[in-house]
Amino acid sequence: MAELNLKIMIIGVPKEIKNNEDRVALTPAGAAELVKRGNQLYVQTGAGFGSGFADEEYEIAGAKILQTIEEVYSTAEMIMKVKEPIEPEYELIREGQLIFTYFHFASSEKLTNIMIKRKSICLAYETVEMDDHSLPLLIPMSEVAGRMSIHEGAKYLEKTYGGRGKLLGGVPGVLPAKVLIIGGGIVGTEAAKMAAGLGADVTIMDVSLKRLRYLDDIMPANVKTMMSNEYNIRQQVRFSDVIVGAVLIPGTKAPNLITKDMLKTMNPGTVLIDVAVDQGGCIETTVPTTHEHPTYVIDEVIHYTVANMPGAVPRTSTIALTNATLSYAIQLAAKGWKKACLEDKALRKGLNIVKGKVVYRGVAEAFGLTYHDVSEVLR
Ligand SMILES: NC(=O)c1ccc[n+]([C@@H]2O[C@H](COP(=O)([O-])OP(=O)(O)OC[C@H]3O[C@@H](n4cnc5c(N)ncnc54)[C@H](O)[C@@H]3O)[C@@H](O)[C@H]2O)c1
């Protein structure tokens, strides 16, 4: 009965227009959940195409298909996206419109200033934060990148790609390849599980002994744990075939744990996968690359440093992302952004800019803007 008091919302899902972005903010399954609750859902034609979802699938789920991005923005109260809005979208965003997407404001002063001017409500996936400081809308992408790092490592280890010509798991009578993972968080754990499953000889390092104890408990026997320090890294890189950089120190650039001089001690054809590239990388020689040209070689060591790894597997990434965002979208639609944010502390932390006011301290500090406490906009 209580459901009768819930609001309904007009929700729009535009097609992503950023270069090489094939993800979409909602799957047909998510669309069905929102429509079932009485919301009106508008999806731009072709929005799901890059992730393998046809317009008809959204129609069957109860959504209406709109032909242009302009129609989606002018119709919807809440826009659900994946990437931050880019130039052609700026003018389409209306005052008071709720935009639920990845923004990464601190890395773009221009976007921050534009969104302040547009006076919309910017709810950023990346800053939705639980009490234990975990980031529920970033975790799925770390899971994808972590698992994918081992696919890529295995591929570039092949001779044709310049690698050592080793099979990760070896075969009976031939030793498996050695995989070193530096950082035992989400990315590192998923990488270790994949490498272990393929039969590699895996070592995972972290600076947290508590984390290493946990990993030691849950990992199979072919995963060993080791304290991360310069001495141990220097020793291990000499014998490793694939090395995954997966460290994160929140809010700062990743430390250079693998230095240039260490490359000379590695075997020719060793593969470095620096997943932490989006935080500056944990390998001194890391330079960000794209899926078009993912690798480069220094001192006969292959570097794979793609900054948006999940972009290569948009279908998996879309489903993983919407699994995580949907429950928040349902709350926002049912209660309106204000009530939903008042009642859910994690969601409230996602508010970055509200009707021209910067309510996320990190964004205000990044560009010397006035910071407003979020309570000011929730009254
Ligand atoms: N390239 C991509 O496409 C992509 C995708 C997703 C995530 N990422 C990045 O991957 C990195 C890891 O993300 P995560 O979600 O696993 O973070 P996380 O916070 O879950 O884990 C980071 C781990 O690094 C450990 N650590 C910190 N300093 C260390 C050190 N000196 N040596 C060893 N370990 C250390 C921490 O203790 C923690 O366990 C981040 O930079 C993230 O932005 C990149």
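Just so it is clear, the values below take in all heavy atoms, side chains as well, and ignore hydrogens, waters and symmetry mates. We count ligands from 1, going down the list as the structure has it; atoms in each ligand are counted the same way.
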Closest to atom 17 (O) of ligand 1 (heavy atoms only, candidates Thr305, Asp278, Leu248) is Leu248
**Prompt:** If you measure from the Lys or Arg side-chain nitrogens to the Asp or Glu carboxylate oxygens, is any gap between Glu16 and Lys81 under 4.0 Å?
**Reply:** yes
Side chain to side chain contact (heavy atoms under 4.5 Å, CB included) test vs Leu26 passes for just one of Val43, Leu41, Thr318, namely Leu41
For this session: Decide whether an N or O pair under 3.5 Å exists between Ser142 and ligand 1.
Result: yes
heavy-atom search around atom 39 (O) of ligand 1 in the protein gives Asp206 OD2, 2.7 Å
Contact region, Ala307 to ligand 1, non-hydrogen atoms below 4.0 Å, reads backbone
Exercise. Below 3.5 angstrom, do we get any N/O pair linking Ile249 and ligand 1?
Worked result: no
Below 4.0 Å from any atom of ligand 1, is there a heavy atom belonging to Ala246? yes
Looking only at protein heavy atoms, what sits closest to atom 5 (C) of ligand 1 is Ala145 CB, 3.4 Å
Closest to atom 20 (O) of ligand 1 among protein heavy atoms sits Ile186 N, 3.0 Å
Discussion item. If only side-chain N and O atoms count, and only distance matters, is there a donor-acceptor pair under 3.5 Å linking His303 with Thr285?
Written reply: yes
| said: Does atom CZ (Phe367) have a neighbourhood of more than 12 heavy atoms from anything else shown, all under 6.0 Å? | reply: yes
Quick one about Glu109 and Thr112 (side-chain donor to acceptor, distance below 3.5 Å, no hydrogens or angles considered), yes or no? no
Give a yes or no on whether Met219 and Leu198 share a hydrophobic cluster (residues Ile, Leu, Val, Met, Phe, Trp, Tyr; joining criterion: side-chain heavy atoms under 4.5 Å apart). yes
So the atoms of ligand 1 within less than 4.0 Å of a heavy atom of Gly183 turn out to be 24 (O), 33 (C), 34 (N)
- Think Arg315 forms a cation-pi with Phe53, using NZ or CZ under 6.0 Å from the six-ring centre and within 45 degrees of its axis? yes
Ligand 1 to Asn308, heavy atom cutoff 4.0 Å, flagged ligand atoms 3 (O)
Item to check | Test: Asp206 and Arg213 ion pair at under 4.0 Å | outcome: no
Atom 11 (C) of ligand 1 sits nearest the protein heavy atom Val247 O, 3.6 Å
Contact region, Val306 to ligand 1, non-hydrogen atoms below 4.0 Å, reads backbone
Next item on the list: Inspect the contact between Lys178 and Asp241 and indicate whether a charged nitrogen and a carboxylate oxygen are less than 4.0 angstrom apart.
Entry: no
heavy-atom search around atom 33 (C) of ligand 1 in the protein gives Ser228 OG, 3.2 Å
If you scan protein heavy atoms around atom 23 (C) of ligand 1, the nearest is Gly185 N, 3.7 Å
Looking only at non-hydrogen atoms, the one of Asp274, Val207, Val275 nearest atom 1 (N) of ligand 1 is Val275
Under 4.0 Å between heavy atoms, the region of Gln279 that gets near ligand 1 turns out to be side chain
Taking only non-hydrogen atoms of Leu257 and a 4.0 Å limit, the atoms of ligand 1 in range are 30 (C), 31 (N), 32 (N)
### Query
Taking distance alone, with no angle check, do Val187 and ligand 1 share an N/O pair under 3.5 Å?
yes
Per-atom filter on ligand 1: closer than 4.0 angstrom to a heavy atom of Pro310 are 3 (O)
In this structure, atom 3 (O) of ligand 1 is nearest to the protein heavy atom Met309 N, 2.7 Å
Review point. If we ignore angles and hydrogens, is there a donor and acceptor under 3.5 Å between the side chains of Thr286 and Thr305?
Key: no
Within the supplied structure, the quantity of interest is the number of heavy atoms (other residues, nucleotides, ligands) at a distance under 6.0 Å from Glu343 CD; does it exceed 12? yes
- request: Examine the side chains of Tyr42 and Gln40 and answer whether a donor and an acceptor come within less than 3.5 Å of each other.
  value: yes
Quick note on ligand 1: atoms under 4.0 Å from a heavy atom of Ala276 include exactly 41 (O)
**Study point:** Side-chain donor-acceptor pair present, Thr290, Asn20, cut-off under 3.5 Å
**Key:** no
